[in-house]
Amino acid sequence: MSRGLTRVFGRSLAHRACFATQSTHFPELITGDPYNNVSESIAAKVGVNLHCQPNHPLNIIKSKIVSYFDQLHAQGQPKMQVFDNLSPVTTTENCFDQLLIAKDHVSRKATDTYYLNPTTLLRTHTSCHQVPMLSKGIKNFLVAGDVYRRDEIDASHYPVFHQMEGVRFFPELDATLPYEERVEIVKEHLKATLEGMVESIFGKVEMRWVEAYFPFTEPSLELEIFFEGEWLEVLGCGVTRREIAENANVINEVGWAFGLGLERLSMVLFDIPDIRLFWSQDPRFLTQFQDGVITKFKPYSKYPPCYKDVSFWLSKDFHENNLYEIVRDIAGDMVEKVEIVDAFVHPKTNRESKCFRITYRHHDRNLTNEEVDAIQLVVRESLVANLGIELR
Ligand code: DAH
């Protein structure tokens, strides 16, 4: 699984209407298990389902992709069943093991992923649905959903984003043909299908295929497009590895899969400069978009930023992602960016020091100095209490 590309259980989410403006709050996400690292601010995102909100850019792109596949269906291809309300709570088995993701892959680490307990987590990619769907005999489908990754804080990283996954199998292929030949046919079908999909979203653009590696596909490819002067990665895909189909009891059939990030595409298409805007409730943002149409975002005046630095001696197990999490949990969408502005090792004691600069800015309102000072104080205290660092 690439970490850069696209970047619930109990009560049945699958049967609930997809659209909810408010988080439905899942107390079961905060389990008290020693391994549980889902924060309140993350739990509050579960169930919001921006990709189902009418007139929201993420929903507009999702619907464009669905329409493209519906059109192919009208031309005689099998129907792609659409799932956009599957629970984001999944297992290490579905998310990693069944997809042949190595036991020591970074994406499994608690510093990178939100766990409820050692075997239950918030999905890190929509690929986690591949084997469960195939096991149910669903072989042609699209999944859209929110995915969760602990990450840095800046204009293009947010710990929740949205992906779309597509899977198609070809039971009609002559099973007496050598496996490699069938893989070749499926690969060509995949390329033609995705080129058509990208054209239906971006119009006529220059495209190129780049060889890639994903544990779950062989061959694996990435599609890039030349858009507004630069090459841009738009999706990852490939021919599903035989072992994965076999994990789902699909024997001797070949199929393809792809995955893409909806924010990434939307930011480019709608000219949205900051990933946090997708979560904005500001009518100046929300009223700009309309189902079925791609329009360029018209920036409205930004409120001024406020910078605060915090310097400290690192503790033994210090990991930046834990700091980002604490800042996010306290400051929520008031934090725009966190960056390291200084780092050094004391020549005598060998202790390591870092200075982080936090940029506070809210998209929807002005922040007062007093308000930011108060937040910064809580952040500092919380860093000491939770990370064992020593402020300087
Ligand atoms: N799951 C991958 C990611 O999150 C994206 C992806 C790549 C999905 C290739 C696929 C695929 O289905 O075949 O980076």
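In what follows, every heavy atom counts, from backbone to side chain, and hydrogens, waters and symmetry copies are set aside. Keep in mind that this is a model prediction, so the values were computed, not measured. Counting convention: from 1, in listed order, for ligands and their atoms alike.
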Report summary line: Here the atoms of ligand 1 under 4.0 Å from any heavy atom belonging to G259 are 6 (C), 8 (C), 10 (C), 12 (O)

Query raised in the report: Is there a donor-acceptor pair under 3.5 Å between the side chain of S41 and the backbone N or O of G332?
Result: no

Query raised in the report: Is the W256 ring parallel, tilted or perpendicular to the F69 ring (thresholds 30°, 60°)?
Result: tilted

Report summary line: Here the atoms of ligand 1 under 4.0 Å from any heavy atom belonging to E165 are 8 (C), 10 (C), 12 (O)

Report summary line: Taking only non-hydrogen atoms of C237 and a 4.0 Å limit, the atoms of ligand 1 in range are 9 (C), 11 (C), 13 (O)

**Report entry** Minimum non-hydrogen distance to atom 2 (C) of ligand 1, winning option of F258, F161, F216
**Finding:** F216

Query raised in the report: Using a heavy-atom cut-off of under 4.0 Å, does the side chain or the backbone of R149 touch ligand 1, or both, or neither?
Result: side chain

Report summary line: In ligand 1, the atoms that come under 4.0 Å of a heavy atom of G238 are 13 (O)

Query raised in the report: Can you tell me if S39 and R328 form a side-chain donor-acceptor pair at under 3.5 Å?
Result: no

Query - Heteroatom proximity flag, Q163 to ligand 1, N/O under 3.5 Å - result: yes

Query raised in the report: Which of parallel (below 30°), tilted (30 to 60°) and perpendicular (above 60°) describes F297 and F289?
Result: parallel

Query raised in the report: At under 4.0 Å between heavy atoms, which part of A257 makes contact with ligand 1: side chain, backbone, both or neither?
Result: both

Report task. Could you tell me whether Y300 and F285 have their ring centroids closer than 6.0 angstrom? Result -> no

Query raised in the report: Using a distance-only test with no angle check, is there a side-chain donor-acceptor pair under 3.5 angstrom linking T31 and N36?
Result: yes

Query raised in the report: Can you list the atoms of ligand 1 that are under 4.0 Å from a heavy atom of T217?
Result: 13 (O)

Requested in this report: Ignoring hydrogens and angles, state whether a donor on the side chain of N247 or R241 is under 3.5 Å from an acceptor on the partner side chain.
Outcome: no

Query raised in the report: What orientation do H189 and F170 show, parallel under 30°, tilted 30 to 60°, or perpendicular over 60°?
Result: perpendicular

**Report entry** Contacting atoms of ligand 1, where contact means under 4.0 angstrom from a heavy atom of Q130
**Finding:** 12 (O)

Query raised in the report: Considering distance alone, does some N or O of T124 sit under 3.5 Å from an N or O of ligand 1?
Result: no

Report task. Considering the heavy atoms of F214, write down every atom of ligand 1 situated less than 4.0 Å from one of them. Result -> 7 (C), 9 (C)

